[in-house]
Amino acid sequence: MFGLFEKKTKPMLGIDISSTTVKLLELSRHGDGYRVENYAVRPLPANSVVEKNINDAEAVAQVIRSTVQNTRSKVKDAAVAVPGSAVITKTIDMPSGLNDDALELQISLEADQYIPYPLEEVAIDFDIVGPSEKAADQVEVLLAACRRENVDMRAAVLEMASLNPKVVDIEAYTMERAFELVTEQLSMQDDQVIAIVDIGSTMTTLSVLVDGKTVYTREQLFGGRQLTEEIQRRYGLSEDEAGLAKKQGGLPDDYEPEVLEPFKDTVVQQVTRSLQFFFSSSQYSDVDHIVLAGGVASMTGLSELIEEKLGTSVSIANPFANMSVSTKVNSAALANDAPALMIAAGLALRSFDLHG
């Protein structure tokens, strides 16, 4: 079992390991809401993580260790997530009335029907969703299975960084949990179909939620790095220089029309394509709202462009809009990084006994 649905109440650091950065977030309960106690985003050495697979555990652990030291956080327990592509989830029906141990035994006996890997190579967890719609004496159980090497690698990296790996979650579920913080800002009706498009440096992940529950998730190779590479090519800059120029400006006059606008058009195409994949594999043919997340989300004018081209309302994710912020946190930097911190927020929320 890999702690996916365990109940936790002690504070935990949310540690989001992406292909290019480590994001750290520490939240505390504050009355009815939350407070951001600590946060940091730090770059990872090139190729230490490729397409969300950790290649250089020591390098990643070193960045996490120094990030924790710099934030001066006292919290040692941490939650981390595996990408959706590494996980198989299946909803199965089981007899109701079984206690957890009996259910665990029953699932481990039947799991090989649902999982295409040898069982000794996978970590399995489950959560009871509720009564089965098919039979009165059955319950619906969500089964999650992940190659053990993916779980073990992330746990090992946290241990190497002097942290205690308490929870290994799944990115899609952390996104769903963080989305609850965003729904407060949207005027939501029941059964609304919401697309969260998380555009990172190298990966774009589409999660579709209906009535707050994930019904579809898909990753594709595309992200902000393509813009960085185009800046490098066109202006003869190193990767670091291009990344800095992208954030701080100072590029020649032709940058916006020749490089930035075409990139934004490509983003629109990617979002459109992701949604088309979803429509073609589900009963849905439309979404009610799009939430943009990830580092690319806050690019000026992007949300307006997507809204205009797709004719669907778009907002930019900010899980911290209704939170208070500790004096040691730079509020302006947090607001800027907020769309990229959805997974970290979903992980940090595991500290509080909301969903188990």
Side-chain angles (χ1 to χ4, degrees), residues 7-18 20-44 63-81 158 161-169 171 173-186 196 198-201 207 212 247 291-299 303 315-355:
K7 301 208 175 333
K8 287 281 174 287
T9 47
K10 263 177 78 176
M12 279 189 296
L13 296 173
I15 306 273
D16 175 18
I17 302 168
S18 76
T20 52
T21 59
V22 162
K23 303 175 191 77
L24 172 149
L25 181 67
E26 179 190 341
L27 300 176
S28 66
R29 273 318 269 266
H30 222 61
D32 290 340
Y34 303 100
R35 183 164 89 164
V36 180
E37 295 292 346
N38 258 313
Y39 106 95
V41 179
R42 293 284 181 277
L44 282 167
V63 172
I64 295 173
R65 194 182 306 119
S66 64
T67 305
V68 174
Q69 284 165 352
N70 289 344
T71 59
R72 299 203 169 96
S73 174
K74 301 283 185 284
V75 177
K76 287 288 175 223
D77 291 347
V80 70
L158 292 184
S162 308
L163 294 172
N164 308 321
K166 282 291 184 185
V167 168
V168 179
D169 210 325
E171 285 185 0
Y173 295 130
T174 64
M175 193 59 94
E176 182 182 298
R177 204 172 300 112
F179 178 66
E180 291 194 12
L181 300 169
V182 176
T183 43
E184 300 161 6
Q185 304 151 48
L186 305 172
I196 304 176
D198 183 351
I199 311 169
S201 176
S207 301
K247 285 193 180 73
V291 176
L292 283 188
V296 174
S298 36
M299 185 176 278
S303 60
S315 59
I316 297 170
N318 179 2
F320 314 114
N322 298 333
M323 289 190 197
S324 54
V325 177
S326 152
T327 49
K328 59 184 178 223
V329 170
N330 177 334
S331 301
L334 178 69
N336 190 46
D337 286 328
L341 289 165
M342 286 285 279
I343 287 171
L347 288 168
L349 284 174
R350 287 300 300 267
S351 306
F352 315 106
D353 197 5
L354 301 176
H355 294 257

Which heavy-atom pair separates [X] from [Y] by the least distance, and what is that distance?
| X | Y | result |
| --- | --- | --- |
| S324 | H30 | OG-CD2, 3.9 Å |
| A297 | I316 | O-CD1, 3.7 Å |
| Y39 | N330 | CE2-O, 4.3 Å |
| S162 | R65 | OG-NE, 4.3 Å |
| G200 | V296 | O-CG2, 3.8 Å |
| A293 | A317 | CB-CB, 4.1 Å |

Subject >> side chain to side chain contact (heavy atoms under 4.5 Å, CB included) between E26 and T71, intermediate numbers included >> reply: CA-CA 10 Å; E26 179 190 341; T71 59; 6.0 Å; no

Side chains of [X] and [Y]: does their closest heavy-atom pair fall under 4.5 Å?
| X | Y | value |
| --- | --- | --- |
| I343 | M175 | yes |
| V36 | L27 | yes |
| L158 | I64 | yes |
| E171 | D198 | no |
| I15 | L24 | yes |

Original post:
Counting N and O atoms only, with roles assigned by atom type, does the side chain of S315 sit under 3.5 Å from a partner on the main chain of V291, one being a donor and the other an acceptor?
Top reply: no

**OP:** Using atom types as modelled and distance alone, determine if a side-chain donor or acceptor of Y173 lies under 3.5 Å from a backbone N or O of A81.
**Re:** no

Subject >> NZ/NE/NH1/NH2 to OD/OE distance under 4.0 Å, D337 and K23 >> reply: no

Can you tell me how far [atom2] of [Y] sits from [atom1] of [X], rounded to the nearest 0.5 angstrom?
| X | Y | atom1 | atom2 | value |
| --- | --- | --- | --- | --- |
| N318 | M342 | CG | CE | 9.5 Å |
| L292 | M299 | CG | CE | 11.0 Å |
| N164 | K76 | CG | NZ | 8.5 Å |

**OP:** Would you sort out whether K328 and N38 count as a side chain to side chain contact (heavy atoms under 4.5 Å, CB included), showing the intermediate values?
**Re:** CA-CA 7 Å; K328 59 184 178 223; N38 258 313; 3.7 Å; yes

**OP:** Please name the residue in the list D169, L181, L25 that meets the side-chain contact (heavy atoms from CB on, under 4.5 Å) test with L349.
**Re:**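 The residue from D169, L181, L25 that satisfies side-chain contact (heavy atoms from CB on, under 4.5 Å) with L349 turns out to be L181.
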
Subject >> Ring-ring centroid check F352 Y34, cutoff 6.0 Å >> reply: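 Between F352 and Y34, the centre distance is under 6.0 Å.
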
Original post:
Could you walk me through whether F320 and V325 pass the side chain to side chain contact (heavy atoms under 4.5 Å, CB included) check?
Top reply: CA-CA 9 Å; F320 314 114; V325 177; 5.8 Å; no

Original post:
Run the side chain to side chain contact (heavy atoms under 4.5 Å, CB included) check on V75 and E37 step by step: do they pass?
Top reply: CA-CA 11 Å; V75 177; E37 295 292 346; over 6 Å; no

